[in-house]
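See structure below.
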Amino acid sequence: MVLPPAVTIREVGPRDGFQMEPSFIPTERKVEVIDALARTGLREIEVTSFVHPKAVPQLADAEEVMARLHRVRGVRYSALVPNQRGAVRAIEAGVDGVNVVVSVTESHSLSNARMTPEAAMAQAGLIARLCEEARVEAGIGFATALGCPFEGIPPYRVLEGMVGRAVEDLGYVRVSIADTVGMANPRLVRKTMDRLLAQFSEVTFCLHLHNTRNMGLANLLAGLEVGVTWFDSSVAGLGGCPFAPGASGNVATEDVVNMLHEMGVETGVRLDAYLEVAAAVRDLVGHADSGVLTAGPSSKLLGPYRPSASPGRVPS
Ligand code: COA
Ligand code: ZN
């Protein structure tokens, strides 16, 4: 197995995670989480999204979050946007990067953004120009690229066509491939990413994986093995798209970091420090979906075995 020496992790918990929480997390708490995450060695955090506040009321405080966070040097603060209006807001708020989302399938596009994929691509074109003028990094993320809850897995040629237009016509070089509701499998990820990497060698591809059916880490490994070196993941495994039935959390950042470090792949994230933040986030929202948060990192041993007085005795 040939693995890269290091990868980049984009933390998406404050956006993908907090957008899915049933109740509004106060701005002050969001800022505390983002600031704490920024001190764990992460290099990029997607901090919020500039969408319609009625569509995602949980993130209606996007401007305030951007204004109140304390920037840590070396960390890129980016935000998701669905359209030109969102990009204008994000740029005005001072983001370092704008991530425009385009659904590959029509039904998810209509449900999520109330526009066709074609209209979303047109928005992506306008956004690329806005970002260029503002000297803000622009990335594009393809939702439902590896599976759609309404239409199944889109044919590769459809995805390839959309990536081709984004890269060749619109000039995007940061492209995220999203498994929005965890429908992918390692074989599909391997095949898709292998072809995309070969076809678009100038592009840095990201994998955005949800762990809905517990294949998140297996899918991540499949991508890693064919050369993907950029992954999205979310603190405490929070996340999900409110406009996709059956959505659930992203792969947990702490699980990803633990796995990668155990295999000798660097992320720059300090796992011990990160776990403290993950525990605080779990306590804040009242749930988590993460193995390492429950069991501790693989490197943390319990010491020699000492039998306890009543080792799990079955009551008679
Ligand atoms: N931020 C704030 N307001 C916005 C906006 C944005 N990004 N985009 C549009 N609006 C406003 C318009 O200015 C307009 O306001 P007005 O009625 O006062 O003139 C109004 O919303 C309607 O505009 P329209 O372009 O028709 O938008 P829409 O109602 O069709 O909604 C989206 C389209 C994309 C803005 C909305 O569906 C959305 O925000 N979706 C969020 C998707 C999401 O976050 N999914 C999870 C992550 S993948
Ligand atoms: Zn997601």
Side-chain angles (χ1 to χ4, degrees), residues 9-21 45-66 78-93 95 98-124 126-127 130 139-150 176-184 206-213 215-216 219-220 231-253 256 289:
I9 289 182
R10 174 168 63 186
E11 169 65 50
V12 297
R15 195 278 300 170
D16 207 320
F18 290 170
Q19 79 180 5
M20 196 60 178
E21 288 306 312
I45 307 175
E46 192 175 65
V47 289
T48 187
S49 62
F50 290 86
V51 298
H52 198 293
K54 281 203 183 117
V56 185
Q58 292 90 333
L59 303 182
D61 56 355
E63 274 85 357
E64 233 183 313
V65 167
M66 274 307 298
S78 64
L80 180 144
V81 306
N83 56 12
Q84 189 181 14
R85 168 102 184 84
V88 169
R89 287 176 58 205
I91 291 167
E92 275 173 8
V95 299
V98 160
N99 311 317
V100 53
V101 62
V102 173
S103 300
V104 174
T105 57
E106 177 148 313
S107 43
H108 183 263
S109 190
L110 293 172
S111 162
N112 189 53
R114 291 157 53 97
M115 57 184 143
T116 62
E118 203 49 43
M121 285 299 287
Q123 291 291 316
L126 299 171
I127 291 166
L130 272 177
I140 189 164
F142 288 103
T144 63
L146 298 166
C148 165
F150 309 108
S176 170
I177 301 297
D179 184 18
T180 306
V181 285
M183 290 171 68
C206 168
L207 265 173
H208 177 99
L209 299 166
H210 282 263
N211 197 33
T212 321
R213 294 171 179 83
M215 278 191 267
N219 289 337
L220 188 141
F231 301 95
D232 281 355
S233 59
S234 170
V235 62
L238 308 186
C241 173
F243 306 96
S248 65
N250 293 78
V251 279
T253 305
V256 172
D289 182 7

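The basis for the numbers below is simple: all heavy atoms, side chains too, and nothing from hydrogens, waters or symmetry mates. As the structure lists them, so they are numbered: ligands from 1, and atoms in each ligand from 1.
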Numbered atoms of ligand 1 (with element) below 4.0 Å of [X], judged on heavy atoms:
X      : value
Arg15  : 47 (C)
Ala55  : 38 (C), 39 (O), 40 (N), 41 (C)
Pro82  : 34 (C)
Gly86  : 7 (N)
Phe243 : 42 (C), 43 (C), 45 (N)
Arg114 : 28 (P), 29 (O), 30 (O), 31 (O), 37 (O)

Any side-chain to backbone donor/acceptor pair from [X] onto [Y]? Under 3.5 Å, distance only.
X      : Y      : value
Gln19  : Gln58  : no
Asn250 : Gly239 : no
Glu11  : Val235 : yes
His210 : Thr212 : no
Arg213 : Ala184 : no
Arg15  : Ser49  : no

Answer key: the N, O or S atom of Asp16 nearest to the Zn ion (ligand 2) is OD2
What N/O/S atom of His210 gets nearest to the Zn ion (ligand 2)?
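Nearest N/O/S atom: NE2.
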Can you check [atom]: any protein non-hydrogen atom closer than 4.0 Å?
atom                    : value
atom 10 (N) of ligand 1 : yes
atom 22 (C) of ligand 1 : no
atom 29 (O) of ligand 1 : yes
atom 16 (P) of ligand 1 : no

(Q) Is a donor from one side chain sitting under 3.5 angstrom from an acceptor on the other, for Ser109 and Ser103? (A)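 No donor-acceptor contact under 3.5 Å links the two side chains.
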Original post:
Of all the atoms in Asp232, is at least one N, O or S atom closer to the Zn ion (ligand 2) than 2.8 Å?
Top reply: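 Given the 2.8 Å cut-off, Asp232 does not count as a ligand of the Zn ion (ligand 2).
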task = Look at His208 and state whether any of its N, O or S atoms is less than 2.8 Å from the Zn ion (ligand 2).
result =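 It does; at least one qualifying atom falls short of 2.8 Å.
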Heavy-atom distances under 4.0 Å decide this one: backbone, side chain, both or neither, for [X] against ligand 1?
X     : value
Val81 : neither
Gln58 : neither
Phe50 : backbone

Yes or no: does Ala113 have any heavy atom under 4.0 Å from an atom of ligand 1? yes
Take every heavy atom of Lys54, measure it against each atom of ligand 1, and state whether any distance is under 4.0 Å.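 Contact absent.
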Rounded to the nearest 0.5 Å, the CG atom of Leu209 sits from the CE atom of Met215 at a distance of 11.0 Å
CZ of Phe50 to CD of Glu63, rounded to nearest 0.5 Å, is 5.0 Å
task = Tell me which one of Arg89, His208, His52 gets a heavy atom nearest to atom 36 (C) of ligand 1.
result =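 Checking each option, the heavy atom nearest atom 36 (C) of ligand 1 is found in His52.
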Of Val51, Leu59, Asn112, the one whose closest heavy atom lies nearest atom 40 (N) of ligand 1 is Asn112
inquiry  = For Leu207 and Asn219: C-alpha separation, side-chain torsions, deciding distance, then whether side-chain contact (heavy atoms from CB on, under 4.5 Å) applies.
reply    = CA-CA 9 Å; Leu207 265 173; Asn219 289 337; over 6 Å; no
Open item on the list: Starting from atom 35 (C) of ligand 1, what is the nearest protein heavy atom, named by residue and atom, and what distance separates them?
Closed with: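 For this ligand atom, the closest protein heavy atom is Asn83 ND2, 3.6 Å.
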Test side chain to side chain contact (heavy atoms under 4.5 Å, CB included), reference Arg10, set Ile45, Thr253, Asn99, output is Asn99
Side chain proximity check, Glu46 to Asp232, heavy atoms < 4.5 angstrom =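 The answer is no, as the side chains (C-beta and beyond) never meet within the 4.5 Å cut-off.
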